[in-house]
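See below for the structure under consideration.
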Amino acid sequence: MRVRPLIFGLCLVVLIAASSVDNPYTVLGLSRSASTREIKRAYKSLAREWHPDKNSSPEAKEKFIAVSNAYELLSDPVRKERYDRFGTVDEDKRRHNYHHYQEFFQGFGGFGGFESENSYFRKDRLTYTTYMNSVFEKTYTQPFIILVYSSFSPLAFRQENVWKAAVEDLRPLGYGIGTVNAVYEGNLLDALRCHTNFALLVVVEGRVLHYRGNLMNMKPQHIRLFARDAIPKTFLSTLTSNDGLIRFVDQWKSTNKVSVLMMGPNVQPRVRYLLAAMKYSHFARFAYVQSSDASSMEMKQALGVKCTHCDNLFVFNDYPEAGPVDRISKASGTDLFSVEEVKNFIEKNLFLSFPRVSSTPYFDHLCPTSGRSAKKLCVILPVGGSSEDQFYISAMRKYVKKEGSRLADERIRFMYLDKELQDKFLEPVMKNAPQQQKADHKDLLVIWRVDHTVMKFVWLEAVVNSDENKFYTVVQELNKAIENVLQGNIMMNHHASIYKLTDEYAPSFFTRMSHRAVRIMETILFNMHKTEVLTALSIIGTMIAIFVFPYLGHLLTRPPSKPRKSNAGADGSEWHPEDPVNEKPQQTKNDLKLKAMNKLIRELRAETYYGLVRLLKPGCRTFVVLVDSETKDILLPAFANHMWALRNNKTFSFAYLMVDKNLPWFRKLLENILPADSTDANAESDLSQQMYKRLQNINPKQTLGTVLVICGWKLYFCIYHPMHNASARQTATNYGFDDEEFDSDASSDDSSDVENVKKAIKARKLQLRDVLNGFPNWLERLLEGQIRRYHLPEWPDNLK
């Protein structure tokens with residue numbers, strides 16, 4: 001009798017263990033209340049950890065299959081609801097009944113239509129659930145070409161071989177493939193905005209593009225061209241000059257991305273290049289160069305490319321001046337890079353050597369979860385937004401360049417993080433941070449992601465020194481501290497939750513709306529047929545004829561009206577509209593000048609920034625005078641008088657900048673000509689570094705009357721200021737800094753130079769009305785090409 005309870009207990013334990021293994025929530029480490037987003041995040045994390053290609057553990061394959069099956073069940077709303085209610089799905093019985101009924105009805109005159117079990121359309125069948133839970137999100141990194149067919153459409157099955165030939169070309173390139181049976185998937189057709197039983201379409205970035213050709217005479221090359229043209233060209237820019245190449249590789253700091261350069265002989269980039277650029281656009285920037293074009297000769301010489309008809313791939317990281325960090329080439333023009341070669345090349349160099357943690361997806365790729373057997377450590381340098389912290393970033397970047405490849409083999413990755421923007425992420429770990437901060441030193445945070453929501457961490461106290469003369473000491477101390485962490489001498493006993501990071505590079509509302517408007521226009525132009533265009537033009541012409549022509553006729557037939565504006569007479573009395581016209585006071589020549597120039601001078605602000613600066617055509621320049629609300633009425637007439645002779649030049653634009661509101665923009669502009677990171681030991685470099693640190697104390701009152709001549713296309717500007725001498729670097733102090741502050745920061749070694757600068761400033765003190773007196777001479781030298789140009793990596797975009 002005692003044996004029965006024992007047997008019953010053992011059976012109960014076995015059943016519980018079996019249910020826990022098969023429970024999809026247990027496999028993914030989630031509760032039953034987990035949302036769809038949490039399920040997807042847990043699946044991605046575990047799939048990366050247990051993928052057989054990345055995990056050599058014997059149990060990796062079984063774990064990966066279990067995780068995939070669990071996600072497949074929970075990602076289907078119908079199956080998930082059935083499992084939550086009954087604890088099982090019982091799919092085998094349903095599938096058996098389905099095939100039984102299908103065979104039964106097919107016995108009566110082919111009830112199933114033209115589709116057979118061996119139909120090629122069945123291979124990539126999509127359902128509404130699969131499309132909404134999986135495919136739709138993928139379309140933002142991978143376009144999908146979808147064929148809509150019907151089981152009862154003979155036309156669709158006559159084109160089956162055409163579809164098969166096109167798919168066999170597109171699938172190896174990385175193009176997404178799908179088919180939809182219009183008989184069973186009415187909801188999916190509504191989501192795709194398709195109302196026919198035979199159609200060809202591409203879904204890219206959530207947009208649906210329909211094929212407008214003749215489906216009856218469709219050939220494989222037509223499908224391939226349609227698929228290629230549907231890929232957005234915005235992910236892969238085209239370079240035509242060496243200057244454009246330099247600007248492209250120098251933008252790593254502002255974008256926090258590596259630069260991938262693709263070179264080929266064709267005018268249009270290959271489809272595999274477009275697909276790769278779209279897939280990895282969140283981590284890298286891509287550009288294409290046509291190697292057979294004559295304009296690419298200088299770029300080929302700079303990159304050491306000798307074969308004109310060969311394909312080449314280059315990647316540049318945060319050391320663009322040292323050339324590409326990696327490259328691959330083909331020996332002959334007949335060889336092409338395989339999709340796997342392109343993928344491995346990009347993923348091997350996907351991040352900068354010392355990247356910035358700027359968002360949660362970026363952090364998930366930089367610092368993935370790992371088990372104890374294959375522990376991966378992430379070393380983070382928390383910094384602020386001050387210019388002094390840039391020295392610590394430079395010191396760590398040099399360290400990673402020297403020791404990074406060795407430590408990468410031990411699964412250690414380095415990165416830095418803005419503690420002001422990511423304060424919520426750092427809040428749990430700051431409770432255990434060192435209380436005393438050592439002068440000229442920074443602490444490092446070492447974390448190990450146990451799970452996608454939990455991390456273990458430890459602080460390495462005062463191991464980074466910004467003094468470049470002590471770089472060898474920094475290397476020794478860092479190596480010793482990291483070695484202690486790896487060997488377990490420094491225990492990672494602290495736990496903390498991982499909070500969502502702020503997306504620092506998220507587009508603004510204006511940018512999102514602009515991109516959406518462009519995408520809408522592209523979709524309309526892509527989908528509109530010739531007859532539809534003519535219909536739209538006829539509607540627009542009719543609306544113009546109804547509303548605009550009557551208004552123009554009214555203006556032409558209206559009798560002349562009396563002047564309504566009142567002005568003062570010559571004797572000071574108020575002029576009245578009923579007075580004779582000849583008694584109206586006459587405007588002077590200067591008044592007419594000012595009135596005409598006021599129509600040409602616009603305010604430089606966020607709304608006019610692109611038209612006046614960023615989108616200037618080659619050869620065009622914009623003259624911008626700095627004013628504020630108090631001096632606008634004084635400086636603008638003088639500026640208009642000087643610009644009067646250039647008013648008819650179509651390559652010149654005129655504007656004014658309210659410096660009291662946009663001082664940060666002007667300060668950002670000056671940072672590009674007063675670098676603070678030079679390592680030279682001469683006095684000029686020290687003065688430049690001092691000036692860079694004092695930019696935050698710029699006095700807006702001393703910048704009034706400054707004139708900027710901006711060339712938006714070639715990324716340079718010229719500057720006029722009555723206190724500025726473009727030929728002498730010493731007088732760069734006169735861009736708006738207080739003299740008292742300059743005295744306090746000057747070193748004793750440079751006291752003689754400082755005194756000379758102060759005397760020059762006092763000798764050239766000007767009144768506000770006289771600040772533009774020297775502008776005509778400066779303008780004449782500018783038009784002769786004698787004024788110095790200050791080149792920029794890119795234009796600042798913080799205008800208000």
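By convention here, the first residue in the shown sequence is residue 1. Computed from a predicted structure; not experimentally measured.
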Taking C-beta and beyond as the side chain, do [X] and [Y] meet within less than 4.5 Å on heavy atoms?
X	Y	answer
Val454	Ile498	no
Tyr83	Arg32	yes
Met262	Leu313	yes
Met396	Ile393	no
Val446	Met492	yes
Ile447	Val458	no
Tyr399	Val475	yes
Cys367	Trp448	no

Which is it for Lys138 and Ser134 under the side-chain contact (heavy atoms from CB on, under 4.5 Å) test, yes or no, and what are the steps along the way? CA-CA 7 Å; Lys138 290 181 180 179; Ser134 179; 3.6 Å; yes
Compute whether any side-chain donor of one residue and acceptor of the other, for [X] and [Y], lie under 3.5 angstrom apart.
X	Y	answer
Glu794	Ser254	yes
Arg406	Asn479	yes
Ser259	Trp252	no

Output a table of donor-acceptor pairs, distance under 3.5 Å, between side-chain atoms of residues 37-47 and any protein atom two or more places apart or on a different chain; print 'none' if there are none.
unit_1: Glu38; atom_1: OE1; unit_2: Ser35; atom_2: N; d: 3.2
unit_1: Lys40; atom_1: NZ; unit_2: Glu137; atom_2: OE1; d: 2.4
unit_1: Ser45; atom_1: OG; unit_2: Thr369; atom_2: OG1; d: 3.0

What heavy-atom pair brings [X] and [Y] nearest, and what distance separates the two atoms?
X	Y	value
Ser497	Pro428	O-CG, 3.9 Å
Thr255	Arg285	OG1-CD, 3.4 Å
Ile490	Ala481	CD1-O, 4.0 Å
Pro793	Gln251	O-NE2, 4.3 Å
Ala276	Val342	CB-CG1, 3.9 Å
Met415	Cys378	CE-CB, 3.9 Å

Check: [Y] main-chain N/O paired with [X] side-chain donor or acceptor under 3.5 Å:
X	Y	answer
Arg413	Leu366	yes
Asn133	Ser75	yes
Trp50	Glu62	no
Ser370	Lys375	no
Asn344	Glu340	yes
Lys257	Ser281	yes
Trp665	Pro796	yes
Thr360	Leu501	yes
Asn256	Arg356	yes

Could you go through Glu347 and Lys343, starting from their C-alpha distance and side-chain angles, then the distance that decides it, and tell me whether this counts as side-chain contact (heavy atoms from CB on, under 4.5 Å)? CA-CA 6 Å; Glu347 290 185 350; Lys343 174 186 174 183; 3.4 Å; yes
Can you list the steps and then say if Glu49 with Lys63 is a salt bridge (charged side-chain N to carboxylate O under 4.0 Å, His left out)? CA-CA 10 Å; Glu49 178 181 355; Lys63 287 278 188 180; over 6 Å; no
Distance, nearest 0.5 Å, that separates [atom1] of [X] from [atom2] of [Y]:
X	Y	atom1	atom2	value
Tyr392	Leu444	OH	CG	11.5 Å
Leu792	Lys668	CG	NZ	10.5 Å
Phe414	Glu403	CZ	CD	8.5 Å
Arg411	Lys376	CZ	NZ	7.0 Å
Leu460	Leu445	CG	CG	8.5 Å
Leu417	Ile380	CG	CD1	6.0 Å

Ring geometry between Phe351 and His365 (parallel below 30°, tilted from 30 to 60°, perpendicular above 60°):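 The rings of His365 and Phe351 sit tilted, inter-plane angle from 30° to 60°.
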Phe425 and ring pair (Phe, Tyr, Trp, His ring centres under 6.0 Å): which partner among Phe457, Tyr499, Phe363?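 Of the listed residues Phe457, Tyr499, Phe363, the ring pair (Phe, Tyr, Trp, His ring centres under 6.0 Å) partner of Phe425 is Phe363.
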Looking at [X] and [Y], does any basic side-chain N land under 4.0 Å from a carboxylate oxygen?
X	Y	result
Lys442	Asp389	yes
Lys480	Glu483	no
Asp318	Lys253	no

Stepwise side-chain contact (heavy atoms from CB on, under 4.5 Å) check, Val325 with Asn349: CA-CA 8 Å; Val325 67; Asn349 308 280; 4.3 Å; yes
Below 6.0 angstrom between ring centroids: does that apply to [X] and [Y]?
X	Y	answer
Phe316	Phe248	no
Phe354	Tyr416	yes
Phe286	Tyr280	no

side-chain contact (heavy atoms from CB on, under 4.5 Å) for Leu377 and Leu486? Distances and angles first, verdict last. CA-CA 9 Å; Leu377 300 181; Leu486 291 174; 3.7 Å; yes
